[in-house]
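One structure is given below, encoded as structure tokens.
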2 protein chains.
Amino acid sequence: MMKMTPELLAVIAERFKAFAEPARLQVLYELKSGERTVSDLVTATGLGQANLSKHLQQLHAAGVVARRKEGLFTYYTLADRDVLKMCDLMCGRLEKETTARRKALSAG
Amino acid sequence: MMKMTPELLAVIAERFKAFAEPARLQVLYELKSGERTVSDLVTATGLGQANLSKHLQQLHAAGVVARRKEGLFTYYTLADRDVLKMCDLMCGRLEKETTARRKALSAG
DNA sequence: TCACTATATTCCGATGCAGTAAATCAACCT
DNA sequence: AGGTTGATTTACTGCATCGGAATATAGTGA
């Protein structure tokens, strides 16, 4: 485990922040099935183009997505396998809680 | 994989948000070594007491930490093993990037 | 060069959140 | 009951950020 300097804490927090927005999670969810252009994502998510573009910049700056330009289009993809692992881990935590809560309700 | 409703996206984002703040990460880092009272955390982190208390409420609301009252004291702990897994996964991503960048620099 | 399309960027209003100080609450003690 | 201590809550301020509209940039083709 690395030493926890304030700078490192800030960087890690920054990374988590990339995941901490419904719009951005929606984008990641779309990218699960593969590469998408910005327009693809606009129609898939219903987000405004300018807004989406800004979210994509943030995701890219945080190393969450990769991009590739081809002519007029910019193709975005998930940066690596760990991105999905993060989401799955978080969803797993949620599921555990909800099933636990369900159990508690039926038991109580 | 569950269906991605706007509500679910909001909940997941909320969870990530709990990790997306240096002060809160610092708290989690402290709790790695075990149970701590609020005062313990105040001295360990250097955060103001009221401020810290609010961060602890957020972490608790997000299911990241558990608490236990004993007399005047409130003891906080990490809620489960997955909390650390989240952090380790994120740090792993960071390390990969920095080593990759180092390699690119020495190669280029 | 001029138009057209796909993205990115800038500007702005509204909302959210971190931090601090002061007030409040809760448990303990004499 | 009154006082003390640990913790939470409230009120407030300043700063960040989301979303939308308008504008700018860049690549394409006539």
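A note on names: the letters A, B, ... follow the listed sequences, proteins ahead of strands, and every chain is numbered from 1.
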- request: Step by step, work out the side chain to side chain contact (heavy atoms under 4.5 Å, CB included) result for Met90(B) and Met86(B).
  value: CA-CA 6 Å; Met90(B) 189 59 90; Met86(B) 291 283 314; over 6 Å; no

Produce the list of close N/O pairs, under 3.5 Å, pairing protein atoms with atoms of nucleotides 16-18 of chain D; give distances to one decimal.
residue : atom : partner  : partner atom : Å
dC18(D) : OP1  : Arg24(A) : NH1          : 3.0
dC18(D) : OP1  : Arg24(A) : NH2          : 3.2
dC18(D) : OP2  : Gln58(A) : OE1          : 3.1

- prompt: Which residue, Glu70(A) or Leu47(A), contacts DNA chain D at a nucleotide closer to its 5' end, judged by nearest heavy atom?
  reply: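 Comparing both residues, the 5'-ward one is Leu47(A).
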
Short side-chain to backbone donor-acceptor contact, [X] and [Y], under 3.5 Å:
X: Arg93(A); Y: Arg15(B); answer: no
X: Gln57(A); Y: Ser53(A); answer: yes
X: Arg24(B); Y: Phe19(B); answer: no
X: Asn51(B); Y: Lys54(B); answer: no

field: Arg68(B) CZ: over 12 foreign heavy atoms closer than 6.0 Å
entry: yes

message: What is the distance, to the nearest angstrom, from the CG atom on Leu52(B) to the P atom on dT9(D)?
response: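 It works out to 13 Å between those atoms.
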
message: Determine whether Met4(B) and Ile12(B) satisfy the following criterion, side chain to side chain contact (heavy atoms under 4.5 Å, CB included), listing intermediate values before the conclusion.
response: CA-CA 10 Å; Met4(B) 275 304 166; Ile12(B) 301 174; 3.9 Å; yes

Anything under 3.5 Å between a protein N or O and an N or O of nucleotides 6-8 of chain D, put it in a table, one pair a line.
residue : atom : partner  : partner atom : Å
dA7(D)  : OP1  : Val38(B) : N            : 3.2
dA7(D)  : OP1  : Thr74(B) : N            : 3.3
dA7(D)  : OP2  : Ser39(B) : N            : 2.9
dA7(D)  : OP2  : Ser39(B) : OG           : 2.1
dA7(D)  : O3'  : Thr74(B) : OG1          : 3.3
dT8(D)  : OP1  : Gln57(B) : NE2          : 3.4
dT8(D)  : OP1  : Tyr76(B) : OH           : 2.7
dT8(D)  : OP2  : Ser53(B) : OG           : 2.8
dT8(D)  : O5'  : Ser53(B) : OG           : 3.4

message: Restricting to non-hydrogen atoms, name the atom on Tyr76(B) and the atom on Val38(B) that form the minimum distance, rounded to 0.1 Å.
response: CE1-CG2, 3.7 Å

